[in-house]
Amino acid sequence: MKFNELGLKDNILSAISEMGYEAPTPIQQKAIPYLLENDSDLIGLASTGTGKTAAFGLPLINKIDSSSKNTQGLIICPTRELCIQIARDLDAYSSKLRDVKVTAVYGGTDISKQIRQIERGTQIIVATPGRLVDLINRKKVKLWEVETVVLDEADEMLNMGFKEDIDSILQQTPDHKNVWLFSATMSKEVARIAKNYMTEPFEITVGGKNETNKNIEHHYYVVNERDRYTALKGIIDFSPNIYGLIFCRTRRDTAAVADKLMANGYNAEPLHGDLSQAQRDRVMDKFRSKTLQILVATDVAARGIDVDDITHVIHYQLPEDVENYTHRSGRTARAGKKGTSIALINTRESRKIKSIERIINSDFQLKKVPSPDEICMIQLQNTVASITDTEIDTTRIEKYMPAILEQFEDVSKEDVLKKFLSVEFNKFLSYYENVKDVNAKSSKGGREEGFKSRRGGKSDSRDDENRQRFFVALGRKDGFNHGALLRLLLDNTGMNKGAIGKIDILEKFSFFDADKSETEKILSKMQTVDFEGQTMNIEKTKGGGDSDKGGRKTSSRRNSGGDRSSRDRGNSGNSGNRSRRRSYNN
Ligand code: AMP
């Protein structure tokens with residue numbers, strides 16, 4: 001099927017052709033003609049990377065009446081990054097139409113500038129929920145001409161505690177509007193939105209329901225907790241051309257893993273909520289332009305990352321909520337490309353793999369961290385390949401050659417090569433000489449036994465030393481729930497979701513874990529906050545964060561070797577290296 005068969009205006013067709021879109025993706029083929037011909041609600045079950053922005057963006061633009069400057073389309077999405085990206089895409093789709101204006105509004109930035117933009121007239125607003133509610137309350141957004149509300153990544157927005165904001169927005173838009181909802185998964189909460197606000201929605205599923213992209217291979221590696229980082233290094237070293245996104249659960253872990261990778265000479269940087277917006281933008285620009293090879297991120301910071309060509313998503317730790325696996329892994333294999341999603345798990349987490357397999361409706365392959373010999377061989381071959389592929393700039397190098405040849409007069413070709421590779425690899429090889437097999441015995445093996453929590457407790461393997469557990473004097477009987485707690489914490493403390501750990505809502509009271517570094521902020525900022533008129537009375541639980549969990553010390557035995565800093569890994573900002581090399585990805 002071609003784009004010109006879908007019923008779009010010529011100016012839009014010409015704009016998308018300039019963007020390099022040749023043929024519509026499956027979700028675009030299904031959604032665009034339907035939305036152009038019908039005034040109907042729609043549910044699109046599709047993960048990121050399937051082309052869903054154009055699936056709703058193109059018909060939305062096509063329907064805009066540019067003779068009116070009033071807002072006709074609202075797009076609501078979970079994060080600032082995604083908001084900016086969607087607005088940018090819509091601007092591109094409408095670049096050849098006169099008088100169509102798209103405005104992005106999101107939190108964490110000056111609202112008055114956004115108000116001025118809206119007041120100049122905008123037919124489409126792309127917004128994060130909180131900021132939109134704020135603008136509605138200030139009566140800065142005129143909603144009576146809104147014909148279409150798009151909820152993008154609805155499951156993510158609900159996970160992030162935006163349920164009430166979404167309810168409020170939907171209630172304040174005209175009854176006759178259409179709602180187009182996109183979600184990677186059909187959770188109970190998403191179904192509730194559909195039931196309450198949509199009428200006989202047309203349903204489109206790309207792939208199976210709740211299924212991830214077939215172009216992603218899912219691998220998992222079972223390692224002992226103390227070997228997680230060594231295993232990560234092994235996996236990265238075995239894929240010298242990796243362009244990867246590594247997920248950690250907490251900001252601390254994210255910073256720690258990125259620090260270690262940088263110290264070991266990898267071209268890696270962290271992305272998490274402790275960084276300023278300007279720092280985050282800088283890291284993202286580097287990653288997007290492929291100057292940065294490895295990005296280590298928290299779930300929240302990585303939301304809305306839509307970078308093409310990511311080869312590997314590595315779950316350094318599985319997400320707290322297994323449903324998030326789909327969001328993470330969807331960052332690879334975008335736009336029809338292939339990708340690998342790799343989970344590092346400890347011996348107690350196999351059950352989580354089973355649950356994820358059910359959610360994504362596809363199987364994981366159990367992989368072994370390659371042996372030091374295999375890793376070294378791949379690295380050497382990769383370097384040799386890049387040498388072989390390098391073109392010789394004869395004119396520049398010729399004048400130095402006589403002196404160099406003289407120096408090597410008595411050295412055989414084989415020895416020259418050995419010496420050259422030794423300069424590059426000695427440190428690397430000596431590191432791998434000392435690395436033991438880090439693959440843990442599988443579940444029936446004896447080694448797992450010694451790894452059970454000393455308290456026989458939870459199968460949750462968070463980096464518990466860094467967590468503080470809190471008590472909340474509200475429970476299910478008070479109408480309190482997971483989303484409410486999360487939203488109150490995020491709204492009132494300015495914390496990042498990644499800083500919040502396990503939440504347990506019990507009948508009469510609740511508990512949650514949070515990064516220890518946030519303790520004071522939580523205790524001070526939450527003191528005056530109540531939930532529907534009831535005091536939360538947040539307190540630290542006795543015994544600190546590791547009270548009920550087997551503590552774990554990070555191994556510092558191993559030398560910090562594998563240091564690749566002597567080698568050109570692109571840290572110098574030379575982005576050409578990686579793409580020039582031959583691919584040896586597993
Ligand atoms: P999305 O799922 O909307 O985030 O899109 C994923 C990526 O695919 C983005 O980089 C889009 O620019 C790209 N894309 C979307 N539709 C097409 C298409 N029909 N042809 C080529 N690339 C596309």
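Counting starts at 1 for both ligands and their atoms, in listed order. FYI, side chains are in, hydrogens and waters are out, and symmetry mates aren't considered; it's all heavy atoms of this structure.
- Judged purely by atom type and a 3.5 angstrom limit, R228 uses its side chain to pair as donor or acceptor with the backbone of L344.
- A donor-acceptor distance shorter than 3.5 angstrom exists from the side chain of R131 to the backbone of T109, with no hydrogens or angles considered.
- Scanning all protein heavy atoms for the shortest distance to atom 3 (O) of ligand 1 gives T53 OG1, 2.6 Å.
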Residue pair R282, E269: steps toward the salt bridge (charged side-chain N to carboxylate O under 4.0 Å, His left out) verdict:
CA-CA 11 Å; R282 190 188 56 79; E269 285 202 40; 3.4 Å; yes
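- Atom 8 (O) of ligand 1 has A335 CB, 3.5 Å as its closest protein atom, hydrogens excluded (heavy atom only).
- Residue F3 approaches ligand 1 through these ligand atoms, each under 4.0 Å from one of its heavy atoms: 19 (N).
- Using modelled atom types, no side-chain atom of T122 and backbone atom of I118 make a donor-acceptor pair closer than 3.5 Å.
- Aromatic ring pairs are classed by plane angle as parallel below 30°, tilted from 30° to 60° and perpendicular above 60°; the pair H218 and Y325 is tilted.
- On a distance-only criterion, G51 and ligand 1 share at least one N/O pair closer than 3.5 Å.
- Side-chain atoms of D89 and Q85 include a donor-acceptor pair closer than 3.5 Å.
- Ring-plane geometry between F3 and Y21 is classed as parallel, the angle between the planes falling under 30 degrees on a 0 to 90 degree scale with a further cut at 60.
- Proximity of A46 to ligand 1 is not established, as no heavy-atom distance is less than 4.0 Å.
- Between Y243 and V307, the shortest heavy-atom distance links the atoms OH-CG1, 3.1 Å.
- The side chain of D308, and not its backbone, has at least one atom closer than 4.0 Å to an atom of ligand 1 (non-hydrogen atoms only; side chain from C-beta on).
- Summary of contacts: the protein heavy atom closest to atom 23 (C) of ligand 1 is Y21 CE1, 3.6 Å.
- Residue A23 has at least one nitrogen or oxygen atom sitting less than 3.5 Å from a nitrogen or oxygen atom of ligand 1, judged on distance alone.
- The closest protein non-hydrogen atom to atom 4 (O) of ligand 1 is R334 NH2, 3.1 Å.
- Contact annotation for M19 and ligand 1: no heavy atom of the residue comes within less than 4.0 Å of the ligand.
- Scanning all protein heavy atoms for the shortest distance to atom 16 (N) of ligand 1 gives Q28 NE2, 2.8 Å.
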